[in-house]
Amino acid sequence: NQRPSMQVMSMGGGTGGTGPGTLSIRIDDNSDGIYFNGQLLGTVENDWTLVQQFPIATACTGPNVLAVHGQDAFGVSAILASWTHCGVTTKTDMGCKCTSRDVSAEDWTSPTYDDSAWPAAADGGINGADPWGEVHEVEMSARWIWASNLRDTNEAYCRCVEGHNDNGLTYD
């Protein structure tokens, strides 16, 4: 089976590749939006092997939020990311929150959005887990995350607050 050809769009994300931080992210399978503090950084279509890197030129005052809308196209889906911003390294893990509820009509990418009713992200394993393998551009302690069920959930809206703790929900 061959996957369709890839198309990537990158929007904004800093000035000339410089700023106080960098985001590295890989999404299996698609995303119509990768946001930092509500600013669209880019999208991914049909290339789960693609690692995208974006400069982050946001002020160091918080809360700073990574928000990703992921879409499943080929089976098991998940998001893996890490970013360093203003001296703080943050990664995807169960301290992030993901929902399969369609929140696209809401301001869910904003750092002020109330996600307190959202569940903790579902765990897809550590960076290096099957079926994705090791992603060297992303922190090795990052976890693959998704909403509720990595195999049977077609869409995930995920939010990770910069510097969050993992809620004690780490797994071997």
Side-chain angles (χ1 to χ4, degrees), residues 1-13 21-36 38-56 65-85 89-104 108-109 115 118-162 164 166-167 169-172:
N1 292 336
Q2 290 188 334
R3 294 181 183 269
S5 63
M6 158 209 46
Q7 177 183 9
V8 176
M9 294 174 47
S10 179
M11 289 95 162
T22 303
L23 164 68
S24 296
I25 187 167
R26 187 164 135 190
I27 301 170
D28 181 358
D29 291 304
N30 300 315
S31 173
D32 67 358
I34 302 164
Y35 303 85
F36 197 82
Q39 178 186 5
L40 180 64
L41 299 178
T43 63
V44 176
E45 291 183 30
N46 300 322
D47 190 356
W48 66 274
T49 65
L50 176 70
V51 176
Q52 290 194 72
Q53 295 186 320
F54 300 99
I56 301 171
V65 175
L66 173 68
V68 180
H69 177 209
Q71 300 162 326
D72 178 22
F74 303 108
V76 178
S77 294
I79 298 165
L80 182 75
S82 64
W83 65 100
T84 300
H85 179 242
T89 299
T90 307
K91 61 192 180 322
T92 50
D93 59 26
M94 281 60 62
C96 299
K97 295 184 173 191
C98 296
T99 184
S100 57
R101 182 175 63 86
D102 183 353
V103 294
S104 60
W108 70 278
T109 65
D115 63 10
W118 287 25
D123 183 42
I126 195 99
N127 184 353
D130 286 336
W132 303 287
E134 216 168 272
V135 181
H136 298 284
E137 299 88 346
V138 175
E139 289 285 322
M140 291 309 297
S141 59
R143 309 222 32 118
W144 289 94
I145 63 168
W146 198 250
S148 67
N149 182 319
L150 282 71
R151 183 167 302 281
D152 297 323
T153 303
N154 291 329
E155 289 191 77
Y157 294 85
C158 296
R159 290 173 47 90
C160 299
V161 175
E162 191 171 82
H164 68 265
D166 63 12
N167 292 329
L169 301 173
T170 57
Y171 304 97
D172 292 332

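It should be emphasised that the depicted structure is a prediction, and the values quoted were computed from it without experimental measurement.
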- Within the distance-only criterion (no hydrogens, no angle test), does the side chain of Ser24 pair as donor or acceptor with the backbone N or O of Glu137 below 3.5 angstrom? yes

Does Ser82 reach the main-chain N or O of Glu139 with its side chain, forming a donor-acceptor pair under 3.5 Å? yes

Value for SG (Cys98) from CZ (Arg159), rounded to nearest 0.5 Å, stands at 11.0 Å

* Asked: When you look at Gln52 and Val44, which way does the side chain to side chain contact (heavy atoms under 4.5 Å, CB included) test go after all the steps?
  -> CA-CA 9 Å; Gln52 290 194 72; Val44 176; 2.4 Å; yes

Point to revise | Evaluation steps, side chain to side chain contact (heavy atoms under 4.5 Å, CB included), between Phe36 and Trp83 | key: CA-CA 11 Å; Phe36 197 82; Trp83 65 100; 3.6 Å; yes

- For the pair Met94 and Arg143, evaluate side chain to side chain contact (heavy atoms under 4.5 Å, CB included) and give the outcome as yes or no after the intermediate values. CA-CA 8 Å; Met94 281 60 62; Arg143 309 222 32 118; 3.5 Å; yes

Applied to residues 137-160, the ring pair (Phe, Tyr, Trp, His ring centres under 6.0 Å) test, sequence neighbours excluded, yields His69-Tyr157, Trp108-Tyr157, Trp132-Trp144

So NZ of Lys91 and NE2 of His164: to nearest 0.5 Å the spacing works out to 6.0 Å

Note: Gly125 and Asp123 closest approach over all heavy atoms is N-OD1, 3.2 Å

Q. So do the side chains of Cys160 and Ile145 get within less than 4.5 Å of each other, counting heavy atoms only?
A. yes

* Asked: Do the side chains of Leu23 and Ile34 get nearer than 4.5 Å, heavy atoms only?
  -> yes

| Does the side chain of Gln71 come within less than 4.5 Å of Asp32's, by heavy atoms? | yes

Quiz item: Quick one: does Asn127's side chain have a donor or acceptor within less than 3.5 Å of a partner on Ala142's backbone?
Solution: no

May I ask you to decide if Glu45's main-chain N or O and Asp29's side chain share a donor-acceptor pair within less than 3.5 Å? no

Closest heavy-atom pair, Ala122 versus Ala147, reported as atoms and distance to 0.1 Å, is CB-C, 4.2 Å

Margin query: Please evaluate residues Ile79 and Ile25 with respect to the criterion side chain to side chain contact (heavy atoms under 4.5 Å, CB included), reporting the C-alpha separation (whole Å), side-chain torsions for both, the decisive distance (0.1 Å), and the verdict.
Written below: CA-CA 7 Å; Ile79 298 165; Ile25 187 167; 4.1 Å; yes

Interatomic distance, OG@Ser77 vs CG@Asp152, rounded to 0.5 Å, equals 10.5 Å

Exercise for the section: Classify the side-chain pair Ser100/Thr153 by whether it contains a donor and acceptor separated by less than 3.5 Å. Expected result: no

Verify, without hydrogens or angle tests, whether Thr84 (side chain) and Thr22 (backbone) share a donor-acceptor contact under 3.5 angstrom. no

